[in-house]
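We count ligands from 1, going down the list as the structure has it; atoms in each ligand are counted the same way.
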Amino acid sequence: MRSALLNIMVQAATKAGRSLSKDFGEVENLQVSLKGPADFVSNADRRAEQIVFEELKKARPTYSFLGEEGTEVKGTDGQHRWIVDPLDGTTNFLHSVPMFAVAIALERGDEIVASVIYNPVMDELYTAEKGGGAWLNDRKRLRVANRRHLADALLVTGINSRGRPEDLHQLKQLAHVTPAVAGIRRTGSASTDLAWVASGRFDAYWEAGLAPWDVAPGLLLVREAGGTISDQAGKPGAIWTGNVLAGNETIHGQLSKLLQSVK
Ligand code: 2AM
Ligand code: CA
């Protein structure tokens, strides 16, 4: 059973998802046009944020709002804030790769209490509420994978090339981690990575240089699926530092050690 709050979040995410789905169908046609689809995708992104914003505002007019596309509203309610990525996986979307999601988290005080991550193409709706578990499409209760050895683990990460120190450090980490594990994947959508750690598809995820809306929705999913999420050194605050490590407790511990050994 979803709470009223989670229902509101699902409604907002699915409505924005329908809009993105429609636009996603158009992107392919635009690939051949001279101007390219970049402007079109920016508009799709902004439209999705507007839909999420309107839906959430209608239902909870006093809550604050923080969205990737620039919507930042301070509500009169000092306790609650929506943290939203209307299109996580923008580059995938631009290239007609169906790995992207609408991601919404609800912060109460200084903790995340509800999350929705929705991929409209795969029709995968991930939801979590604090204390209520993590779910896929309301039917399947999620549990992180139970592999015990890093050598058997399938990991996921993000590889960014903005030339920041964390991006260069990431390349060094890859050189150390790759030979130690069963495989490494990269989806291009941080919220998808975290949702897929929660569901056990991936054994662990790490990345740095992320924004709060990349991390907040997936954080609760991982926790409610029995996983551990922190920064790469095992400390809290991943949402705000953008430095993230998630997995089952054992793999999380092993990977944390390995990542920290990379100087
Ligand atoms: P986006 O698709 O919403 O931009 C991939 O490694 C992850 O990094 C994606 O979730 C992507 O989100 C995110 N990302 C891309 N550019 C970013 C930036 N400038 N700062 C933080 N995160 C970013
Ligand atoms: Ca994002």
Side-chain angles (χ1 to χ4, degrees), residues 12-13 16-17 19-21 23-24 27 37-53 65-72 82-105 112 115-122 124 126 155-171 173-174 177 184-198 201-202 204-222 229 231-232 237-246 259:
S19 166
L20 286 175
S21 255
D23 291 334
F24 187 68
V27 169
D39 289 350
F40 179 82
V41 172
S42 299
N43 286 332
D45 206 344
R46 278 198 288 271
R47 229 175 352 252
E49 179 150 310
Q50 197 54 32
I51 291 170
V52 172
F53 179 71
F65 188 101
L66 174 68
E68 171 161 35
E69 290 312 301
T71 316
E72 190 167 3
W82 307 110
I83 302 177
V84 175
D85 195 339
L87 170 52
D88 186 33
T90 317
T91 308
N92 288 337
F93 191 94
L94 181 65
H95 289 260
S96 297
V97 175
M99 218 129 53
F100 61 88
V102 182
I104 304 175
I112 305 297
S115 290
V116 173
I117 296 174
Y118 179 52
N119 179 322
V121 181
M122 296 183 180
E124 290 193 347
Y126 294 89
L155 307 194
V156 66
T157 187
I159 306 161
N160 290 300
S161 57
R162 293 188 286 275
R164 304 168 303 177
E166 54 266 48
D167 299 336
L168 303 174
H169 187 63
Q170 161 72 359
L171 296 176
Q173 289 178 328
L174 273 175
V177 175
I184 300 186
R185 302 290 180 264
R186 191 253 200 272
T187 73
S189 161
S191 48
T192 302
D193 295 335
L194 288 166
W196 290 9
V197 167
R201 285 179 181 159
F202 295 129
Y205 164 68
W206 89 98
E207 189 162 345
L210 292 170
W213 41 78
D214 297 318
V215 186
L219 175 117
L220 185 65
L221 271 159
V222 170
I229 176 164
D231 74 5
Q232 291 169 19
I239 294 176
W240 307 111
T241 62
N243 179 297
V244 184
L245 171 59
L259 290 171

Would you mind running through ligand 1 and noting each atom that sits below 4.0 Å from a heavy atom of [X]?
X      : answer
Ala190 : 9 (C), 10 (O)
Gly89  : 1 (P), 2 (O), 3 (O)
Glu207 : 5 (C), 6 (O), 7 (C), 8 (O)

Quick one: nearest non-hydrogen protein atom to [atom], plus distance?
atom                    : answer
atom 3 (O) of ligand 1  : Glu68 OE1, 3.0 Å
atom 20 (N) of ligand 1 : Arg162 NH2, 3.7 Å
atom 21 (C) of ligand 1 : Gly209 O, 3.4 Å
atom 12 (O) of ligand 1 : Asp88 OD1, 2.9 Å
atom 4 (O) of ligand 1  : Thr90 OG1, 3.7 Å

- Heavy atom of Thr192 under 4.0 Å from ligand 1?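 No, Thr192 has no heavy atoms under 4.0 Å from ligand 1.
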- Query: Can you give the angle Asp88 OD1 - the Ca ion (ligand 2) - Asp85 OD2, rounded to 10°?
  - Reply: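 About 100°, to the nearest ten degrees.
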- Considering only heavy atoms, does Asn92 approach ligand 1 within less than 4.0 Å through its side chain, its backbone, both, or neither?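 No part of Asn92 comes within reach of ligand 1.
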- Could you point out which residue of Thr187, Val156, Asn92 forms a side-chain contact (heavy atoms from CB on, under 4.5 Å) with Thr192?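 Exactly one candidate clears the test, Thr187.
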- Task: Examine distances only and state if a side-chain atom of Gln170 and a backbone atom of Pro165 form a donor-acceptor pair shorter than 3.5 Å.
- Result: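 Between the backbone of Pro165 and the side chain of Gln170 there is no qualifying donor-acceptor contact (under 3.5 Å).
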- Task: Using distance alone, with no hydrogens and no angle criterion, decide if Thr241 and Asp231 have a side-chain donor and acceptor under 3.5 Å apart.
- Result: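 Side-chain D/A pair, Thr241 to Asp231: absent.
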- Query: Taking both backbone and side-chain atoms of Asp214, is any N or O found less than 3.5 Å from an N or O belonging to ligand 1?
  - Reply: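 The answer is yes, given that Asp214 and ligand 1 share an N or O pair closer than 3.5 Å.
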